Amino acid sequence: STEQALIRESWQKVSGNPLQHGIILFTRLFDLDPDLLSLFQYNCRQFSSPQECLSSPEFLDHIRKVMLVIDAAVTQLENLPCLEEYLCNLGKKHQAVGVKMDSFSAVGDCLLYMLEKCLGTAFSPDMREAWTRLYDAVVKAMSRGWEA
Ligand code: HEM
């Protein structure tokens with residue numbers, strides 16, 4: 001469909017350098033909600049600043065993992081249900097580390113922000129709409145792993 005073509009076209013520009021773009025995404029996330037920093041702890045160590053977090057190898061690995069999940073969703077656009085079980089489990093893992101559903105929507109806003117930064121005026125309203133729909137589907141699947 002056109003929607004899928006718009007997503008693939010825009011992702012192509014980003015996916016060549018996932019780490020760089022993921023850093024833009026998470027820098028924005030910490031700007032909007034600095035409290036999220038405390039959820040990222042490696043070896044029980046708390047980061048003292050977003051800068052410190054954004055330069056730790058473990059956190060950079062998390063950025064790569066996030067970008068890989070998005071990449072998988074783009075690859076499986078026609079067949080998102082095949083990711084359903086994986087995403088449900090991923091949701092469970094995030095609930096266990098203290099992530100709230102609201103924070104996932106904040107990540108979605110930051111994803112749009114990053115795409116806009118990267119694509120400039122080429123990031124059309126139709127593309128924004130298509131990405132919003134895709135990311136919502138990913139979060140919806142992850143939310144199935146959430147227990148009230
Ligand atoms: C793992 C936090 C959003 C994908 C983790 C871990 C933490 C974490 C603490 C475990 C340590 C690690 O692997 O680095 C968060 C927070 C988020 C967030 C606070 C948002 C506020 C996301 C999103 C995705 C994602 C949006 C993908 C769409 C992953 C993956 C793993 C992971 C793939 C590895 C899971 C595994 O080990 O099987 N996350 N995360 N995260 N996260 Fe996130």
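Indexing begins at 1, ligand by ligand and atom by atom, following the structure's order. Nothing here was measured: the structure is a model prediction, and the numbers come from that model. Side-chain atoms are counted along with the backbone in the values below, which use heavy atoms only and exclude waters and symmetry mates.
Among protein heavy atoms, the minimum distance from atom 24 (C) of ligand 1 is reached at Val66 CG2, 3.6 Å. Protein heavy atom closest to atom 20 (C) of ligand 1, with residue, atom name and distance, is Val107 CG2, 3.7 Å. Looking only at heavy atoms of the protein, atom 16 (C) of ligand 1 is closest to Phe40 CZ, 3.3 Å. Protein heavy atom nearest atom 7 (C) of ligand 1, with residue, atom name and distance: Val97 CG2, 4.0 Å.
Residue Phe26 forms a ring pair (Phe, Tyr, Trp, His ring centres under 6.0 Å) with just one option from Phe59, Phe47, Tyr113, and that option is Phe59.
Of the candidates Val69, Leu87, Asp71, the one placing a heavy atom closest to atom 28 (C) of ligand 1 is Val69. When the heavy-atom distances from atom 41 (N) of ligand 1 to His94, Lys93, Arg64 are ranked, the shortest goes to His94. The heavy atom nearest to atom 34 (C) of ligand 1, out of those in Gln41, Lys65, His62, is found in Lys65.
There is no protein heavy atom less than 4.0 angstrom from atom 10 (C) of ligand 1.
Pro50 has its side chain out of reach of Thr27: every pair of non-hydrogen atoms, C-beta onward, lies at least 4.5 Å apart.
Panel note: side chain Tyr135, backbone Phe104; a donor-acceptor pair is recorded below 3.5 Å. Here the side chain of Gln95 pairs a donor or acceptor atom with the backbone of Glu147 at under 3.5 angstrom.
Shown here is Glu58, whose CD atom has more than 12 heavy atoms of other residues, nucleotides or ligands within 6.0 Å. Within a 6.0 Å sphere centred on CD of Gln12, other residues, nucleotides and ligands contribute 12 heavy atoms or fewer. Counting heavy atoms of neighbouring residues, nucleotides and ligands inside a 6.0 Å radius, atom NZ of Lys140 does not exceed 12 of them.
Checked for salt-bridge contact, Arg133 and Asp136 miss the test: no charged N lies under 4.0 Å from a carboxylate O. Remark: Glu52 engages Arg45 in a salt bridge, criterion side-chain N to carboxylate O under 4.0 Å.
Ligand 1 places these atoms under 4.0 Å from at least one heavy atom of Tyr86: 33 (C). If you number the atoms of ligand 1 from 1 as listed, the ones under 4.0 Å from a heavy atom of Tyr42 come out as 11 (C), 12 (C), 14 (O). Interface atoms of ligand 1 facing Ser103, defined by a heavy-atom separation under 4.0 Å, are 21 (C). Close approach of ligand 1 to Leu39 (heavy-atom distance below 4.0 Å) involves ligand atoms 9 (C), 19 (C). Near Phe104, meaning under 4.0 Å from any of its heavy atoms, are these atoms of ligand 1: 3 (C), 22 (C), 23 (C), 26 (C).
Here Leu90 has side-chain heavy atoms under 4.0 Å from ligand 1, and that is the only part of it that gets that close.
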